[in-house]
Amino acid sequence: MTIIILLIIIGTLLLVLLLGKVIMRLKFQKQVAVLYVNTKNVSDQIYHSNLLKGLPEPVLRYFKLVLKDGQPYISVIRLEHNGQFKSDLKKGYINITGEQYFSVDKPQFIWKGETTMFTAIDSYLADQGSLKVLLLNILIVVNSKGRTLNEGELQRWMAESVWFPTNLLPSEKVKWIAIDENSAKISFHYKETSFEFMVTFNAIGEITTMQTERFMTNEKRETWFCKMSNYKEVDGMQIPFSAEVVWRLSAGDFSYAKFEVQKIEYNKYDSEN
């Protein structure tokens with residue numbers, strides 16, 4: 001009888017965990033659908049190098065490396081990655097897999113990261129940022145929203161534009177400002193939100209870091225930067241397949257995410273995936 005009761009308890013727990021995973025997946029797909037509904041197709045626009053006139057020298061190197069004349073602008077992106085993540089700067093790394101969607105004309109993204117214990121949903125949709133973390137897909141342990149998160153999520157979207165480089169071309173939202181032969185500043189403005197990134201480039205033109213001041217808490221910004229490396233060609237573009245995210249604090253640099261791109265697709269909508 002004891003064994004039967006134990007098996008019933010284990011079976012119930014497994015059923016609850018499976019149900020939680022299914023519900024999480026359905027909610028995620030619903031949010032992805034929202035992203036697509038709010039997306040404007042800009043892929044009829046074509047990149048030409050004459051768009052680069054007047055840009056700082058390292059920015060010219062970058063676009064000449066990563067884009068070719070005739071490249072369609074990117075509208076939407078789907079990305080899969082694996083890697084390591086820290087849920088707390090004082091803890092060690094844990095393995096993580098991620099699935100992420102972006103739109104470009106209207107800044108949006110949604111990311112689902114999964115470990116053995118928790119699932120995180122990080123997003124910027126309909127001009128609102130959100131971060132939810134669920135233990136075993138059931139218990140909500142983090143549920144963050146608000147003005148400072150809105151800005152931070154938009155900064156994440158901007159930094160990750162290295163995966164869809166037509167988004168970094170000069171536009172109403174994006175302006176490049178010269179600094180020196182290996183760095184430039186990117187100024188971004190969208191509705192009521194404005195911020196800048198310090199961008200560094202290597203000798204061949206790859207972006208190696210993007211750095212800004214981001215809210216680490218609701219009251220205080222800290223230096224936050226992304227390192228990019230391992231560039232490869234996808235659909236005629238050069239993009240980094242390795243990324244590391246770091247907080248630069250008074251006590252030192254604290255890396256908390258290391259991602260390796262496994263798959264990336266451009267301009268494919270949900271009905272095609």
Side-chain angles (χ1 to χ4, degrees), residues 24 28 31 77-102 107-125 129-135 137 141-145 148-165 167-168 186 195 197-200 206-218 220-232 234 239-264:
M24 172 64 72
F28 180 69
Q31 290 177 295
I77 304 94
R78 179 180 181 273
L79 179 148
E80 296 176 10
H81 71 81
N82 58 24
Q84 296 181 307
F85 186 82
K86 287 185 178 181
S87 57
D88 188 296
L89 295 181
K90 297 179 181 179
K91 296 181 180 179
Y93 283 105
I94 54 177
N95 292 331
I96 191 168
T97 59
E99 180 180 358
Q100 190 165 3
Y101 295 79
F102 304 86
Q108 294 183 114
F109 79 87
I110 179 166
W111 170 80
K112 177 166 65 71
E114 293 182 303
T115 73
T116 54
M117 294 297 292
F118 72 83
T119 298
I121 303 290
D122 201 22
S123 66
Y124 185 81
L125 296 172
S130 174
L131 172 61
K132 287 187 178 181
V133 181
L134 292 90
L135 181 64
N137 291 306
V141 294
V142 175
N143 188 6
S144 298
K145 294 182 179 180
T148 59
L149 188 65
N150 292 346
E151 179 182 287
E153 300 293 36
L154 196 51
Q155 287 172 320
R156 172 177 177 171
W157 173 87
M158 189 72 234
E160 293 177 345
S161 292
V162 291
W163 288 326
F164 37 103
N167 192 51
L168 294 174
I186 192 167
F195 50 76
F197 273 87
M198 178 75 72
V199 184
T200 59
E206 296 170 344
I207 288 179
T208 54
T209 64
M210 290 187 67
Q211 177 178 303
T212 191
E213 300 300 309
R214 183 176 179 180
F215 280 104
M216 190 173 187
T217 67
N218 285 333
K220 188 178 181 182
R221 287 184 174 91
E222 298 284 0
T223 300
W224 178 85
F225 65 97
C226 301
K227 299 179 181 179
M228 295 84 173
S229 59
N230 190 25
Y231 277 70
K232 298 179 183 180
V234 180
I239 63 167
F241 270 60
S242 301
E244 182 178 2
V245 191
V246 181
W247 285 107
R248 176 158 289 166
L249 308 177
S250 58
D253 287 356
F254 291 88
S255 169
Y256 68 91
K258 297 178 180 180
F259 293 162
E260 297 289 333
V261 174
Q262 301 300 303
K263 182 179 181 180
I264 189 165

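Note: hydrogens, waters and symmetry copies are ignored here, and every other heavy atom, side chains too, is used.
- Atoms CE and CZ, from M228 and F241 in turn, are 14.5 Å apart once rounded to the nearest 0.5 Å.
- From E151, atom CD reaches atom OG1 of T212 across 7.5 Å, with rounding to the nearest 0.5 Å.
- Although no hydrogens or angles enter the test, the distance criterion places a donor-acceptor pair under 3.5 Å between the side chain of N150 and the main chain of G129.
- With sequence neighbours left out, Q211 forms a side-chain hydrogen bond (donor to acceptor under 3.5 Å, both in side chains) with no residue at all.
- Note: F28 CZ to S123 OG = 9.5 Å, rounded to the nearest 0.5 Å.
- The side-chain heavy atoms of V245 and F259, taken from C-beta on, include no pair separated by under 4.5 Å.
- In this view, S161 and N167 satisfy the side-chain hydrogen bond (donor to acceptor under 3.5 Å, both in side chains) rule, not counting sequence neighbours.
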(Q) Pair V261, K232 - check side chain to side chain contact (heavy atoms under 4.5 Å, CB included), show working. (A) CA-CA 10 Å; V261 174; K232 298 179 183 180; over 6 Å; no
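- No side-chain donor-acceptor contact under 3.5 Å links T119 to the backbone of L134.
- Listed by first and then second residue, the salt bridge (charged side-chain N to carboxylate O under 4.0 Å, His left out) pairs involving residues 208-217 are E153-R214 (not counting sequence neighbours).
- The structure places CG of L125 at 5.5 Å from CD of Q108, a figure rounded to the nearest 0.5 Å.
- S144 and L149 get closest at one heavy-atom pair: O-CD2, 3.1 Å.
- Partners of I77 by side-chain contact (heavy atoms from CB on, under 4.5 Å), not counting sequence neighbours, listed by chain and number: I74, F102, V104, F164, I264, Y266.
- The CG atom of L168 lies 4.5 Å from the CE atom of M158; values are rounded to the nearest 0.5 Å.
- For V141, the side-chain contact (heavy atoms from CB on, under 4.5 Å) partners at least two apart in sequence or on another chain are V133, L135, L139.
- With sequence neighbours excluded, no residue satisfies ring-ring contact (aromatic ring centres under 6.0 Å, His included) with Y124.
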With a cut-off of 3.5 Å and sequence neighbours excluded, list every side-chain donor-acceptor pair involving residues 79-95.
| unit_1 | atom_1 | unit_2 | atom_2 | d |
| --- | --- | --- | --- | --- |
| E80 | OE2 | R78 | NH1 | 2.7 |
| E80 | OE2 | R78 | NH2 | 2.6 |
| H81 | NE2 | W111 | NE1 | 2.9 |
| N82 | OD1 | Q262 | NE2 | 3.2 |
| D88 | OD1 | K90 | N | 2.7 |
| Y93 | OH | S255 | O | 3.2 |
| Y93 | OH | S255 | OG | 2.7 |

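- Summarising the geometry, atom CE belonging to M210 is positioned 9.5 Å from atom OG1 belonging to T200; distances are rounded to the nearest 0.5 Å.
- Using a 4.5 Å heavy-atom threshold, the side chains of F197 and Q155 count as touching.
- In this structure Y231 satisfies the ring-ring contact (aromatic ring centres under 6.0 Å, His included) test with no other residue, sequence neighbours excluded.
- Under the side-chain hydrogen bond (donor to acceptor under 3.5 Å, both in side chains) criterion, E222 pairs with K220, not counting sequence neighbours.
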Q | From CA spacing to verdict: side chain to side chain contact (heavy atoms under 4.5 Å, CB included), R248, F225 | A | CA-CA 8 Å; R248 176 158 289 166; F225 65 97; 3.5 Å; yes
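- The side-chain heavy atoms of W224 and M216, taken from C-beta on, include no pair separated by under 4.5 Å.
- For S130, the side-chain hydrogen bond (donor to acceptor under 3.5 Å, both in side chains) criterion is met by no residue, not counting sequence neighbours.
- The salt bridge (charged side-chain N to carboxylate O under 4.0 Å, His left out) analysis of residues 110-124, with sequence neighbours excluded, yields the pairs K21-E114, K112-E114, D122-R156.
- Scored by the side-chain contact (heavy atoms from CB on, under 4.5 Å) test, A243 finds W163 as partners (sequence neighbours excluded).
- In plain terms, the two heavy atoms of A159 and C226 that are nearest each other are CB-SG, 3.9 Å.
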